[in-house]
2 protein chains.
Amino acid sequence: MTTLGYALLGILARGPLSGYDLARNLQLPVGYFWQANHSHIYPELARLEEAGLVGHEVVRQEHRPNKKMYSITDAGREALRQWVSTPGEAAVPRDELLLKVFSLWLIERHQAITLMRAQEQRYLEQLAHFETIQANLAAEFGAALHNPDSPAFCAFATSQCGLLRARSQLDWCRWLLKQLGWNETP
Amino acid sequence: MTTLGYALLGILARGPLSGYDLARNLQLPVGYFWQANHSHIYPELARLEEAGLVGHEVVRQEHRPNKKMYSITDAGREALRQWVSTPGEAAVPRDELLLKVFSLWLIERHQAITLMRAQEQRYLEQLAHFETIQANLAAEFGAALHNPDSPAFCAFATSQCGLLRARSQLDWCRWLLKQLGWNETP
DNA sequence: TCCTACATGTAAGGTGTTACATGATTCC
DNA sequence: GGAATCATGTAACACCTTACATGTAGGA
């Protein structure tokens with residue numbers, strides 16, 4: 001089983017969806033920690049179905065194309081549970097920005113500052129985004145959000161991770177910008 | 001040009017190295033934000049050389065195999081500068097752990113706690129690692145570490161990012177563990 | 001004797017992205 | 001008329017990992 005497969009199972013465990021809907025989920029809500037294109041999702045769904053982890057039924061629609069609604073099977077839920085409860089290896093975080101910062105000494109000071117300011121802006125947007133997500137979750141689920149056995153809490157927990165991360169990255173950006181400013185020749 | 005290519009140029013900009021040494025750099029020091037295997041590096045070095053961005057000379061050694069020492073060319077340094085100074089797209093952080101947390105509601109409370117405790121331990125190790133790296137850099141470079149035009153400062157800046165990240169992840173882990181504990185039935 | 005470090009490569013397979021391909025409906 | 005949304009797929013390519021392949025020297 002691939003990780004994408006588990007990502008799909010994780011979304012389908014919350015309710016039946018079409019491949020198209022799954023693709024949208026993997027662009028934004030879940031997309032902040034795992035992305036995928038539809039061209040990857042459709043074949044993967046076929047593989048999951050062959051393995052008996054999901055099933056689908058065709059829903060006829062008027063005024064728009066028919067769609068296949070996929071649902072997770074008992075076997076699928078069990079496979080997902082198994083995967084979630086096993087620790088797994090430490091992931092390698094690939095960060096292009098850090099690669100650039102590693103070579104920042106090569107470029108002009110003002111270019112470096114421009115680069116980091118753009119990044120600062122990006123993290124600010126991320127932060128705002130996660131705050132919006134959390135506000136929406138709070139409005140929709142209320143007290144249920146504090147129950148760790150609910151899907152809503154789990155969505156909140158992942159967004160909380162993103163929020164804290166964005167904050168720490170923002171701190172780092174500003175620290176770096178300060179360093180870049182100190183030795184400046186006016 | 002691939003990102004791996006720029007990663008190699010970024011290391012070679014600090015001094016000539018063999019493919020083997022580059023592979024080691026991309027396992028640990030740089031490896032905390034970009035990893036690569038030797039099987040990927042050797043062909044990439046050949047491509048960089050074909051493009052005139054690096055060159056090599058064979059160094060004969062006794063008691064051990066000959067090696068090819070690669071150095072960055074002027075064209076390579078310029079290409080690297082170009083790449084570093086352009087902002088680039090926002091990266092998609094793929095995080096398997098967050099995918100698991102997203103489905104945490106499916107598993108038993110004690111399993112979830114075990115999972116997060118293991119993760120907490122992992123982040124603690126990361127934190128210690130970055131602190132060691134920074135201590136080593138401080139011991140080796142001293143005051144030069146504060147000069148943003150030095151390669152040493154850039155190495156420090158990347159480790160600083162890793163350190164802050166590890167800290168925020170640790171905070172998140174503990175927040176989640178607290179949430180998992182609150183609704184516990186003893 | 002076996003394992004690790006040094007040193008360089010190729011081959012096969014898995015994963016992920018971009019582009020190709022089609023077609024109805026709705027909004028500007 | 002053109003763009004966006006809904007809806008599903010295939011094909012080609014780029015990227016990355018694992019395994020295969022070879023050989024010396026030194027330490028446990």
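- Among residues two or more places apart in sequence or in another chain, the salt bridge (charged side-chain N to carboxylate O under 4.0 Å, His left out) test is passed with B/Glu120 by B/Arg174.
- Here the options are B/Leu45, B/Leu12, B/Leu48, B/Asp74, the test is side-chain contact (heavy atoms from CB on, under 4.5 Å), and the partner is B/Leu53; only B/Leu48 passes.
- Remark: A/Arg165 is not positioned above the aromatic ring of A/Tyr123, lacking an NZ or CZ atom under 6.0 angstrom from the ring centre and at most 45 degrees off the axis.
- Separating the CZ atom in A/Arg47 from the CG atom in A/Leu8 is a distance of 10.0 Å, to the nearest 0.5 Å.
- OP1 or OP2 of D/dT17 lies within a sub-4.0 Å distance of a side-chain N or O belonging to B/Asn37.
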Table of protein N/O atoms under 3.5 Å from nucleotides 24-28 of chain D N/O atoms:
| unit_1 | atom_1 | unit_2 | atom_2 | d |
| --- | --- | --- | --- | --- |
| D/dA25 | O4' | B/His63 | O | 3.3 |

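- Between the side chain of A/Asp95 and the backbone N or O of A/Leu97 there is at least one donor-acceptor pair closer than 3.5 Å.
- Annotation: proximity of residues 38-47 of chain B to DNA chain D (heavy atom, distance under 4.0 Å) is found for B/Ser39, B/His40, numbered in ascending order.
- Comparing the start and finish of the helix from C/dT1-D/dA28 to C/dC28-D/dG1, five pairs each, the helix axis swings through 30°, to the nearest 10 degrees.
- Neither OP1 nor OP2 of C/dG16 sits under 4.0 Å from any side-chain N or O of A/Gln35.
- The side chain of A/Trp34 has C/dG16 as its nearest neighbour among C/dT8, D/dT18, C/dG16.
- Taking only side-chain nitrogens and oxygens, A/Gln61 never comes nearer than 4.0 Å to OP1 or OP2 of D/dC6.
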Protein-nucleotides 3-5 of chain C N/O pairs closer than 3.5 Å?
none

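- Of all the residues in residues 84-96 of chain B, not one reaches under 4.0 Å from DNA chain D with any non-hydrogen atom.
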